[in-house]
Number of protein chains: 2
Amino acid sequence: MNNDIFVEMISKKTKYAINALVFLAKRTGEGPIVISEIAEKEHIPRKFLESILLNLKKAGLLASKKGKGGGYYLLQDPEDINLADVMRLFDGPIAFLPCVTYKYYERCEECKDEETCGIRDVFFEVKKKTVELLKQASLSEVIKRESGLISHL
Amino acid sequence: MNNDIFVEMISKKTKYAINALVFLAKRTGEGPIVISEIAEKEHIPRKFLESILLNLKKAGLLASKKGKGGGYYLLQDPEDINLADVMRLFDGPIAFLPCVTYKYYERCEECKDEETCGIRDVFFEVKKKTVELLKQASLSEVIKRESGLISHL
DNA sequence: GAATAGTCTACCAAATCTATAGACTTTATA
DNA sequence: TATAAAGTCTATAGATTTGGTAGACTATTC
């Protein structure tokens with residue numbers, strides 16, 4: 001039984017990454033923004049954020065500039081960056097079971113017949129819907145929702 | 001970046017629990033089934049399964065009988081046990097963020113204004129849909145899908 | 001050349017997950 | 001009533017992951 005208060009399902013890395021990206025998206029056109037500003041404004045441990053931004057850069061979402069006047073800035077259009085991609089980058093495949101992923105497919109050891117596995121079928125459906133919703137959630141979409149124009153809550 | 005081969009999202013506990021429950025559901029009416037039989041047939045480490053079944057018993061899904069001729073059996077109708085409940089039992093709330101759960105609600109530390117948080121809005125939608133799909137997935141539904149009558153793959 | 005700012009490597013503490021071991025209790029039945 | 005069968009309880013342990021820190025290094029600007 002889970003005695004723990006709470007099991008967070010997305011990692012802090014992903015959460016911080018999303019927050020940093022949204023922050024940068026809102027300030028498109030202002031030129032490079034320094035790590036420490038993002039860290040402060042978004043309440044993210046500075047050193048930890050460093051490695052996150054580096055990952056986002058390697059993944060091609062961000063670019064950076066060194067030296068005075070340097071910092072990070074979005075490399076892609078906020079329309080084109082979505083939460084599904086970000087989550088996959090840090091937390092791996094978006095699925096409850098490895099057998100319903102495409103890129104990270106792995107058979108369940110205990111599974112007797114995957115072809116007719118009802119559990120797999122259920123989790124495949126869940127994964128499909130989740131990815132669909134997260135793909136739709138681009139940075140611009142997230143920002144748009146912040147304004148309260150669209151609310152699902 | 002995730003260098004690990006794969007991050008399994010539901011715990012083995014949950015997976016084993018579901019498999020054990022489906023197994024028991026298929027054998028409703030046969031009386032108590034011993035732990036070791038479930039362990040063998042479902043390829044679950046025996047001792048580990050013990051504690052899982054105990055949890056399921058405490059949660060009111062299973063009952064047990066000690067001594068010779070004893071074992072475990074379903075206490076509820078297979079229609080009435082769904083994957084959402086099982087997952088919650090072992091893995092906690094079904095949500096990517098604590099701020100979109102009901103029973104385990106917790107505010108994100110870094111969050112500036114929850115009311116207008118676009119990220120929260122997105123993840124709330126995802127959670128809602130996920131729970132909906134998992135609620136529909138009762139043990140009987142899983143078994144029905146195994147037969148290949150309904151397939152979403 | 002000094003200050004600024006990102007990059008790289010290494011490390012670490014805490015928590016969680018997946019078990020395993022073994023003693024104990026209850027029950028059926030020969 | 002002894003004994004074997006079967007579930008229950010407590011404790012522990014190894015491996016992995018997560019979240020975070022430290023510090024040296026490199027590149028850029030003025």
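Numbers restart at 1 for each chain; the letters A, B, ... are given by sequence-line order, proteins then strands.
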It should be established whether A/Tyr16 places a side-chain nitrogen or oxygen under 4.0 Å from OP1 or OP2 of nucleotide D/dG20. yes

Selection from D/dG19, C/dT18, C/dT20 that lies nearest to any side-chain heavy atom of A/Phe48: D/dG19

Short side-chain to backbone donor-acceptor contact, B/Lys127 and B/Val100, under 3.5 Å: yes

Which of B/Ile52, B/Ile81, B/Leu21, B/Leu75 passes side chain to side chain contact (heavy atoms under 4.5 Å, CB included) with B/Leu62? Answer is B/Leu21

Output every pair passing side chain to side chain donor-acceptor pair (under 3.5 Å) with a member in residues 23-36 of chain B, not counting sequence neighbours, ordered by first then second residue. B/Lys26-B/Glu146, B/Arg27-B/Glu30, B/Arg27-B/Glu37

Taking CD1 from B/Ile52 and P from D/dT8, how many angstroms apart are they, rounded to a whole number? 14 Å

If I take atom CG in residue B/Asn55 and atom P in nucleotide D/dG7, what distance separates them, rounded to the nearest angstrom? 15 Å

Single hit among A/Ile94, A/Leu134, A/Asn82 for side chain to side chain contact (heavy atoms under 4.5 Å, CB included) with A/Arg88: A/Ile94

Enter the distance from B/Met9:CE to A/Thr101:OG1 here, rounded to the nearest 0.5 Å. 11.5 Å

Can you pull every protein N or O that's under 3.5 Å from an N or O on nucleotides 5-9 of chain C?
residue: C/dA5; atom: O4'; partner: A/Gly67; partner atom: O; Å: 3.3
residue: C/dG6; atom: OP1; partner: A/Ile35; partner atom: N; Å: 3.1
residue: C/dG6; atom: O3'; partner: A/Ser64; partner atom: OG; Å: 3.4
residue: C/dT7; atom: OP1; partner: A/Lys57; partner atom: NZ; Å: 2.4
residue: C/dT7; atom: OP1; partner: A/Ser64; partner atom: OG; Å: 3.0
residue: C/dT7; atom: OP2; partner: A/Tyr72; partner atom: OH; Å: 2.1

Rounded to whole Å, how long is the line connecting atom NZ of B/Lys12 with atom C1' of C/dT20? 15 Å

Round to the nearest Å and state the distance from B/Leu49 atom CG to D/dT8 atom C1'. 14 Å

Can you name the closest pair of heavy atoms from B/Tyr73 and B/Gly31 and give their distance? CB-O, 4.4 Å

Check the interface with nucleotides 10-15 of chain C: list each N/O to N/O pair with the protein under 3.5 Å, or write none.
none

Is A/Asn55 reaching over with its side chain to a backbone N or O of A/Phe90, donor-acceptor style, under 3.5 angstrom? no

Whole angstrom is fine here: how far is it from NZ in B/Lys15 over to C1' in C/dT18? 13 Å

Can any side-chain N or O of B/Glu42 pair as donor or acceptor with the backbone N or O of B/Tyr16 at less than 3.5 Å? no

